[in-house]
Amino acid sequence: MGRTGAAAPPSVGLAERVAAAVTALPDVAGLAGPVPAEHVAGLAAGPPPSHAAHRAEAAVIGVVVEDDVVEIGVVARFGRPLADLADAVRAAARPLTGARRVDVLIADIVDDDADGVEGGAAG
């Protein structure tokens, strides 16, 4: 239940379950939300990434649930090939996402335990 007494949208519950499944993976240091502009030297044209499912209490940072796709932004621990990590993230999320496509954004790579990574890319 949200602060207003209304139940959270089903997509928020799904985002929370996907976040829990993905962050349980040993090679995921955390979830990645929007990247602060001061950390970006230059990217291709387009809006800045924003990975969050919103609810009354707080956003579920790193997971966006839409009708046909679930987008997951992660911070990887150094060592595992990134394509393998993306496959592992998809495999962890797919049992929860139904027929939705699962897109994975690896927003950053850390070489340590990455305390405090959740909620934004490490910098």
Side-chain angles (χ1 to χ4, degrees):
M1 295 289 225
R3 280 184 263 169
T4 62
S11 63
V12 172
L14 175 56
E16 291 171 333
R17 291 189 303 277
V18 167
V22 168
T23 56
L25 296 171
D27 294 315
V28 172
L31 295 172
V35 178
E38 64 270 15
H39 292 204
V40 178
L43 295 174
S50 178
H51 288 85
H54 297 282
R55 60 183 176 182
E57 296 83 15
V60 179
I61 301 297
V63 181
V64 175
V65 176
E66 298 191 12
D67 291 340
D68 60 345
V69 64
V70 174
E71 299 175 357
I72 306 167
V74 299
V75 176
R77 287 200 169 88
F78 180 78
R80 186 169 187 182
L82 298 180
D84 291 350
L85 176 59
D87 288 343
V89 168
R90 281 187 196 91
R94 275 210 177 102
L96 305 169
T97 60
R100 292 175 180 93
R101 185 180 76 236
V102 177
D103 290 346
V104 178
L105 166 70
I106 299 174
D108 203 353
I109 303 167
V110 295
D111 194 15
D112 58 13
D113 196 25
D115 289 338
V117 170
E118 187 166 317

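Residue numbers count from 1 along this sequence.
Residue Leu96 comes nearest to Leu14 through the heavy atom pair O-CD1, 3.1 Å, listed as atom of the first residue, atom of the second, then distance. Between Arg100 and Glu66 the shortest heavy-atom distance is NE-O, 2.8 Å. Closest approach of Ala32 to Ile61, counting heavy atoms only: C-CG2, 4.1 Å.
Residue Val18 forms a side-chain contact (heavy atoms from CB on, under 4.5 Å) with just one option from Leu31, Val102, Thr23, Val63, and that option is Val63. Only one option out of Val28, Asp27, Ile109 pairs with Arg80 in a side-chain contact (heavy atoms from CB on, under 4.5 Å); it is Asp27.
In the hydrophobic clustering of ILVMFWY residues, with side-chain heavy atoms under 4.5 Å counting as a link, Val69 and Leu105 come out apart.
Note: Arg101 CZ to Arg90 CZ = 10.0 Å, rounded to the nearest 0.5 Å.
Contact check for Leu25 versus Val74: no side-chain heavy atoms found under the 4.5 Å cut-off.
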